[in-house]
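Please read the structure below before turning to the comments.
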Number of protein chains: 2
Amino acid sequence: MAQRPAGARRAEILRAAAVLFAERGFHGVTIDDLGRAVGTSGPALYRHFPGKEALLAAVLIDVSERLAADARARAAAEPDPREALRAMLRGHIDFALTEPALITVHDRELGNVPEPERRRVRRLQRGYVEQWVAVLARLRPGAGAPVLRAAVHAAFGLLNSTPHSAGELPPERMGALLLEMATAALLAES
Amino acid sequence: MAQRPAGARRAEILRAAAVLFAERGFHGVTIDDLGRAVGTSGPALYRHFPGKEALLAAVLIDVSERLAADARARAAAEPDPREALRAMLRGHIDFALTEPALITVHDRELGNVPEPERRRVRRLQRGYVEQWVAVLARLRPGAGAPVLRAAVHAAFGLLNSTPHSAGELPPERMGALLLEMATAALLAES
DNA sequence: CACCCACGTTAACGGTCACTAACATCGCCG
DNA sequence: CGGCGATGTTAGTGACCGTTAACGTGGGTG
């Protein structure tokens, strides 16, 4: 049997699962679909995950952790809030353009994650939002936290729309457009 | 049997279905769920719709038609493109705040609509986007149609994020915030 | 009043799906 | 080289789900 680095199969399954979940939704994908997507058939997945829900949970936890960690690193590296915001925007946009399936699953399928992991994902997502709010608060001292939170959520909606308008523009053009639109939106006074 | 205006039951079913589909996704809702939500049980729905997919199609066609018709009316009533854009934004925002379930289903479940109706929904959606592009083109003569289309999709993502951040702000504050953010985003040069 | 039709009901059927059981294969390690 | 753990395979199995069948009922109409 072809030997490969430990966990490679597991990562391959997670990647394929994200694509299928993004395309058809959690309940629209069968275990056999998932197996076929990685070249095995159906029940082989139970060697790597205890069940379908656990697989979804692993995808969501992975995405949430990557987003939060990336934002933390970028924010810490830029003392100027304006530059920190730009860096965080570039990070999120890069993620959305590179892995549209992960972004899609991330904001659609939380409801299908079983309870202990759901709480974990929620906490990670909240932490991510709060990092954005903290940076934004320094740029807009007049605005209260609820407004900033709502603004951040709206900006995420803008950035995460990429999967739905794929192919309209080449990725670099699209990235630049999203960067300017999101910046303008986040700094607009209401 | 309680007699009510013709089609009232049908409309009631559509409304309940939109809520459930938005919450759990098309495949996450059963016929029995839908029946229970309107006080009947399961198969009674087949007196009103030929099947589950037809029900979803009816929801999507209804939403798409309302959005497109509303935008057409508002755009025609305002000769100034700046005012037309504001009016269209207010219309979409009002819709998103009033009927979050419809907005959610509208941009998630197209893939589950069977083929003849899917084409129809797509055409309606495309027409809606093109109305926005036409107005925007007058405000940003320098930008090409692909950029404007991408910008419009991104703005929809921003506006449609409301369901995910419900309760952060009172509806009027949220509406005003979305209006300013979307305006700034759509008019930002890239 | 008789009939019919709109609208429900419950029971059953056939298919699909997540998951389990039982069994095979292959590389590593003692 | 012999066994063992990791990783597959195929064949169930029980539950659920969309849909259909068969049957009830009550109000408007000829």
Side-chain angles (χ1 to χ4, degrees), chain A residues 1-60 105 109 111-118, chain B residues 1-60 105 109 111-118:
Chain A
M1 200 154 296
Q3 284 300 79
R4 297 191 304 162
R9 200 70 209 240
R10 186 187 152 96
E12 186 187 2
I13 294 170
L14 287 177
R15 204 171 332 127
V19 173
L20 289 177
F21 288 157
E23 280 174 1
R24 307 184 217 160
F26 180 70
H27 293 293
V29 179
T30 72
I31 291 286
D32 283 328
D33 291 335
L34 291 167
R36 202 171 309 124
V38 296
T40 77
S41 234
L45 298 181
Y46 289 90
R47 300 291 169 190
H48 303 272
F49 297 91
K52 198 185 168 192
E53 287 187 332
L55 216 168
L56 176 66
V59 171
L60 281 194
V105 173
E109 302 292 357
N112 290 313
V113 175
E115 197 31 84
E117 293 92 338
R118 174 139 88 211
Chain B
M1 198 153 299
Q3 286 298 78
R4 297 192 304 162
R9 200 71 209 242
R10 186 186 153 96
E12 186 188 0
I13 294 170
L14 287 177
R15 205 168 333 125
V19 172
L20 289 176
F21 289 157
E23 279 174 2
R24 308 185 216 160
F26 180 69
H27 293 293
V29 179
T30 74
I31 291 286
D32 284 328
D33 291 334
L34 291 167
R36 201 173 308 122
V38 296
T40 76
S41 233
L45 298 181
Y46 288 88
R47 299 292 169 191
H48 303 272
F49 297 91
K52 198 186 170 193
E53 286 187 332
L55 217 168
L56 176 66
V59 172
L60 280 193
V105 174
E109 301 293 357
N112 291 313
V113 175
E115 198 30 85
E117 292 93 338
R118 173 138 88 212

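The basis for the numbers below is simple: all heavy atoms, side chains too, and nothing from hydrogens, waters or symmetry mates. The chains referred to below are lettered A, B, ... by the order of the sequence lines, with proteins before strands, and numbering in each begins at 1.
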Can you see if the side chain of Arg9(A) gets near the phosphate of dG8(D) - specifically, an N or O under 4.0 Å from OP1 or OP2?
yes
Looking at every strand, decide which applies to Val29(B) at a 4.0 Å heavy-atom threshold: base, sugar-phosphate, or nothing.
sugar-phosphate
Hey, which of these two, Gly39(B) or Glu53(A), hits DNA chain C nearer its 5' end, going by closest nucleotide?
Gly39(B)
Whole-Å gap separating P (dC17(D)) and CZ (Arg24(B))
10 Å
Given atom CG of Leu55(B) and atom P of dT19(D), what is their separation to the nearest angstrom?
10 Å
Proximal nucleotide (of dT9(D), dC19(C), dT7(D)) relative to the His48(A) side chain
dT7(D)
Closest to the side chain of Ala44(A), out of dT9(C), dG8(D), dC17(C), is dG8(D)
Shortest side-chain distance from Pro43(A), nucleotide among dG18(D), dC19(C), dT19(D)
dC19(C)
At 4.0 Å (heavy atoms only), tell me whether Gly51(A) reaches a base, stays on the sugar-phosphate, or touches nothing.
sugar-phosphate
Between His27(A) and dC17(C), is there a contact of a side-chain N or O with OP1 or OP2 at under 4.0 Å?
no
Can you tell me the distance, in whole Å, between the CG atom of Asp33(B) and the C1' atom of dG18(D)?
12 Å
In whole angstroms, how far is the P atom of dG8(C) from the CD1 atom of Ile13(B)?
7 Å
Check the distance between dG8(C)'s C1' and Arg36(B)'s CZ and give it to me in whole angstrom.
16 Å
Between Leu20(A) and Glu23(A), is there a side-chain heavy-atom distance shorter than 4.5 Å?
yes
Are any of the side-chain nitrogens in Arg118(A) or Glu115(A) under 4.0 Å away from the carboxylate oxygens of its partner?
yes
Nearest to the side chain of Tyr46(B), heavy atoms from C-beta on, is which of dT19(D), dG8(D), dC17(D)?
dT19(D)
Rounded off to whole Å, could you give me the CG-to-C1' distance for the Leu45(B) and dT20(D) pair?
14 Å
Is there a side-chain contact between Phe26(A) and Val113(A), using heavy atoms and a 4.5 Å cut-off?
no
Taking the side chain of Thr40(B) as heavy atoms from C-beta outward, which of dG8(C), dT20(C), dC17(D) is closest to it?
dG8(C)
Considering only side-chain heavy atoms of Arg47(B), which listed nucleotide, dG8(C), dT9(C), dT20(C), is closest?
dG8(C)
Rounded distance [0.5 Å steps], CZ in Arg36(A) versus OG1 in Thr30(A)
6.0 Å
From CZ of Arg10(B) across to P of dG8(C) the rounded distance in Å is 14 Å
Return the nearest nucleotide to the side chain of Lys52(A); candidates are dC19(C), dG8(D), dG18(D).
dC19(C)
Output the rounded distance in Å from CG (Asp32(A)) to P (dG15(C)).
17 Å
Less than 4.5 Å apart, any side-chain heavy atom of Leu60(B) and any of Glu117(B)?
no
